[in-house]
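The block underneath contains the structure these notes are about, expressed in C-alpha cells.
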Number of protein chains: 2
Amino acid sequence: MNDNDTGKGIRTLQRSIDILECFTYEQPELTLTEISKKIELAKSTTTRLLATLEQNGLVQKDGNTLKYRLGKKLYFWGQIAEKTIEIKETAKPFMEKLRDDTRETVTLYLLEGHQRVCVQRFGSKHSVQHIVKVGEQLPLWAGAGGKAILAFQDEDFIERELTSVPGEQGEKLINELAVIRQTHSSYSFDERGIGVSGAAAPVFNVKGEVKASIGISGPSIRFTPDIVETYQEMVKDVALEVSNELGYQGKS
Amino acid sequence: MNDNDTGKGIRTLQRSIDILECFTYEQPELTLTEISKKIELAKSTTTRLLATLEQNGLVQKDGNTLKYRLGKKLYFWGQIAEKTIEIKETAKPFMEKLRDDTRETVTLYLLEGHQRVCVQRFGSKHSVQHIVKVGEQLPLWAGAGGKAILAFQDEDFIERELTSVPGEQGEKLINELAVIRQTHSSYSFDERGIGVSGAAAPVFNVKGEVKASIGISGPSIRFTPDIVETYQEMVKDVALEVSNELGYQGKS
DNA sequence: TACTTAGTTCCACTAAGTGGAACTATTGAA
DNA sequence: TTCAATAGTTCCACTTAGTGGAACTAAGTA
C-alpha cells in the first residue's frame, strides 16, 4: 500500500532475507527451483546465496531430496530473541491460567504494521487442530483479537483499515469498534472462518497505547452468546492485569 | 582450526550473519559501535546492514538507548526451524520422563563440527541456575555428554580432537573412550567446571552413526559414584529407546 | 567553552556480486 | 536403449551495487 521495503535496503541481504521468508509452517521444505521462482531470481544467484546461508546453518540442505529447510542456527537465535519479547513473558502465566480455567485456546496477538501476529498460544490440550500458529499474520478487521487492537488505534489508522473491508460490513464495524472502546472487550462469531468464535480484550502499554490483545477462541458450538459474554469479562480482566504489569496506570 | 567459513561466501551476506552472531544470551543488546568493533567493519557499512536487518525485523532497535537486539522475525523463523529438528521432537518425551524420574537436569547434545551444541534441556525444576543454555557450544573432549559422542567418531576425527586436549589427560581420555565404546555410557566428575558432574549415553541414528548424546547432570554433592552408575544405566536405556525410534537397529 | 565519543550522511571508486550460457545429472516416456 | 525434459551446478565477462573514509551532527564530560 504505502512505504516499506520496496527498493530500499542492501540488495544482496534483502534477497537473502526473501529466501528465508519463503519458508512457512505449511511449506517448510523447498527446492532450489521453487525458491528461485518464488523470489524471481536467477538460479545461479540463488544457489550462491543459499550456499552462504547453509555454511552458516541458517538453512539446511537434505543431501538426498536436495530440498532446503530452515536451519538450527535460526532456532538458536530464536531462543535468544524470544527472551526480548517483553509482553510475551509477562502475559505467559496469566494466559496459561486463563486456558486452564476455560479449557479453551488462549492467544496473544501483537500489532505489526497493519496486521496482527500471533506471538504466543496456549491451546486447549484436547484439540489437536491448531487454528492459528505462532508467527502467523491475520487481519485487524476480522476476528475478536484483531478488533480489540484496531478499536484503539488513531482515526487515520482505522479509516485506512476500513478501505480493506468489504462494503456493507464497514458501517457495522465502525459501530462495533465504538462499543469495544467502551467495554474494553470484543467478540466474534464465525467471522474469520465458519465454526470459529471468540472473545478478546486489548492490552495497554505504559503509554496507554494498544499494541496487543489477548483472545479466547474455539468452536462456535461451545461459544454460545452467554458463554462468550462470560469469556469477554474474563479475558478483559486478564488483559488488564497484564497491562498493569506492563506499567499501565489507566482505569479498568 | 581447519576449513569452514574463512574467505568463502557472499561477503555482504556473510557480514550480516556475523552481525547477528554477535548477539548472545549473555549480551542480547549491543550498540552500533560495539557491533562494528566486534566484526571489524566500518560504522557506515554496519549501519547500512543493520538498517536492512531492522526493516525486516531480524533486529530491533531501541529508540531510546539506541541498542540493537534480535528481532521477532528470528523468533518466528525459529519456531518453524524447531519443527524440523527431528531428533529433538523424538527425544522430548523420553527426556522429560528421565528428568521427572531423577529430578535432575537432562540435556540433548548434537554434534556440530568439532563441538557439541545443547539443543534441548529439561532442568530440574528447583535449580534456578541454568548451567547450559540451548544453542550453547561445548567441547567434545570434556564432560560426559561430549565424550559419549566423541567415542563413536572415526579414528581420524578422534586423533584430531586429542590435539586440543592438555598433555597428560590425552592418555586417560583414550582409555576412557574405549570403555565408553564398550558400555555405551559415559560419566564425568568436576570435568567441565568444579561442582558439576554427570552421566551420558550416545544416540545412534538409522545408519548407526552417533551425532547426538543425552546426558544427566547436576551438583557433584548429589552425584556420588554409585548414583552416577545408576544414572548411566538409566540414560543408556533412554538413549537406546530414542535411537530405536530414529530407526536404529543395532544391539543394546 | 573546548574536548571526546557515538551515530548519521555523503559520495567517488571499484571489486564484489550478478545472470546468462554451457554443462552435468536425473527422470521418465517412447 | 535413446531422446527429451527437468533440475542443479559451474564459469566468466560486465557493471552496478556495496563500500569506507571524510565530513557532519548530537550528546555527554571536564
Side-chain angles (χ1 to χ4, degrees), chain A residues 3-24 26-71 73 84, chain B residues 3-24 26-71 73 84:
Chain A
D3 49 314
N4 64 9
D5 41 33
T6 339
K8 274 289 135 65
I10 304 283
R11 191 176 61 161
T12 313
L13 176 52
Q14 187 58 59
R15 286 171 167 179
S16 309
I17 295 173
D18 292 343
I19 288 179
L20 296 175
E21 211 95 59
C22 291
F23 297 87
T24 62
E26 287 71 32
Q27 273 200 292
E29 288 199 331
L30 297 166
T31 65
L32 167 64
T33 314
E34 284 170 334
I35 296 169
S36 86
K37 277 204 182 125
K38 229 173 178 172
I39 61 171
E40 297 175 313
L41 196 62
K43 279 203 289 181
S44 50
T45 309
T46 312
T47 313
R48 245 177 295 117
L49 295 176
L50 278 167
T52 303
L53 290 172
E54 196 191 356
Q55 275 168 38
N56 288 274
L58 306 220
V59 302
Q60 203 171 345
K61 182 169 158 184
D62 184 313
N64 300 321
T65 64
L66 294 180
K67 288 196 170 191
Y68 293 87
R69 45 166 79 167
L70 296 182
K73 182 58 70 52
T84 73
Chain B
D3 49 313
N4 63 8
D5 41 35
T6 339
K8 274 291 137 67
I10 304 284
R11 191 177 58 161
T12 314
L13 176 52
Q14 186 59 57
R15 285 171 168 178
S16 308
I17 295 172
D18 292 343
I19 288 180
L20 296 175
E21 210 95 57
C22 290
F23 297 88
T24 63
E26 287 70 33
Q27 272 201 293
E29 289 198 331
L30 297 166
T31 65
L32 168 64
T33 314
E34 285 170 331
I35 296 169
S36 87
K37 277 203 183 124
K38 230 174 179 173
I39 61 170
E40 296 176 312
L41 196 63
K43 280 203 287 180
S44 50
T45 308
T46 312
T47 313
R48 245 177 295 117
L49 295 177
L50 278 167
T52 303
L53 290 173
E54 197 190 357
Q55 274 169 39
N56 288 274
L58 307 221
V59 302
Q60 204 171 346
K61 183 170 160 183
D62 185 312
N64 300 321
T65 64
L66 293 181
K67 287 196 171 189
Y68 292 88
R69 47 165 81 166
L70 297 182
K73 184 59 70 53
T84 74

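Throughout, protein chains are lettered first and strands after them, A, B, ... in sequence-line order, and every chain is numbered starting at 1.
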For the residue pair B:Ile10 and A:Thr52, what are the closest heavy atoms and their distance?
->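 Closest heavy-atom pair between B:Ile10 and A:Thr52: N-OG1, 3.0 Å.
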One should read off an interatomic distance between A:Lys37 NZ and A:Thr46 OG1, to the nearest 0.5 angstrom, of 12.0 Å
If you round to the nearest 0.5 Å, how far is NZ of A:Lys73 from CD of A:Gln60?
->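 One gets 12.0 Å once the value is rounded to the nearest 0.5 Å.
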Can you list every pair that meets salt bridge (charged side-chain N to carboxylate O under 4.0 Å, His left out) and has a residue in residues 9-20 of chain A, with sequence neighbours left out?
->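 Residue pairs passing salt bridge (charged side-chain N to carboxylate O under 4.0 Å, His left out), neighbours aside: none found.
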Over how many whole Å does the gap from [X] atom [atom1] to [N] atom [atom2] extend?
{"X": "A:Leu32", "N": "C:dT26", "atom1": "CG", "atom2": "P", "answer": "16 Å"}
{"X": "A:Glu34", "N": "D:dT6", "atom1": "CD", "atom2": "P", "answer": "15 Å"}
{"X": "A:Lys43", "N": "C:dT18", "atom1": "NZ", "atom2": "C1'", "answer": "16 Å"}
{"X": "B:Asp62", "N": "C:dA6", "atom1": "CG", "atom2": "P", "answer": "18 Å"}
{"X": "A:Ile35", "N": "D:dA7", "atom1": "CD1", "atom2": "P", "answer": "14 Å"}
{"X": "A:Glu40", "N": "C:dT18", "atom1": "CD", "atom2": "C1'", "answer": "17 Å"}
{"X": "A:Leu50", "N": "C:dT18", "atom1": "CG", "atom2": "P", "answer": "12 Å"}

A:Ala51: what forms a side-chain contact (heavy atoms from CB on, under 4.5 Å) with it, not counting sequence neighbours?
-> none
Classify the nucleic acid contact of A:Lys37 as base, sugar-phosphate or nothing, counting any heavy atom under 4.0 Å across all strands shown.
-> nothing
Contact class for B:Lys67 (heavy atom, under 4.0 Å): base, sugar-phosphate, or nothing?
->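 Here B:Lys67 touches no strand at all.
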Identify all pairs in which a protein N or O lies below 3.5 Å from an N or O of nucleotides 16-22 of chain D, and state each distance.
{"unit_1": "D:dG18", "atom_1": "OP1", "unit_2": "A:Arg11", "atom_2": "N", "d": "2.6"}
{"unit_1": "D:dG18", "atom_1": "OP1", "unit_2": "A:Thr12", "atom_2": "N", "d": "2.6"}
{"unit_1": "D:dG18", "atom_1": "OP1", "unit_2": "A:Thr12", "atom_2": "OG1", "d": "3.0"}
{"unit_1": "D:dG18", "atom_1": "OP2", "unit_2": "A:Arg11", "atom_2": "N", "d": "3.1"}
{"unit_1": "D:dT19", "atom_1": "OP1", "unit_2": "B:Arg15", "atom_2": "NH1", "d": "3.2"}
{"unit_1": "D:dG20", "atom_1": "OP1", "unit_2": "B:Arg15", "atom_2": "NH2", "d": "3.2"}
{"unit_1": "D:dG20", "atom_1": "OP2", "unit_2": "B:Thr45", "atom_2": "OG1", "d": "2.5"}
{"unit_1": "D:dG20", "atom_1": "N7", "unit_2": "B:Ser44", "atom_2": "OG", "d": "2.9"}
{"unit_1": "D:dG20", "atom_1": "N7", "unit_2": "B:Arg48", "atom_2": "NH2", "d": "3.0"}
{"unit_1": "D:dG20", "atom_1": "O6", "unit_2": "B:Arg48", "atom_2": "NH2", "d": "3.3"}
{"unit_1": "D:dG21", "atom_1": "O6", "unit_2": "B:Ser44", "atom_2": "OG", "d": "3.3"}

Does the side chain of A:Leu66 come within less than 4.5 Å of A:Thr31's, by heavy atoms?
-> no
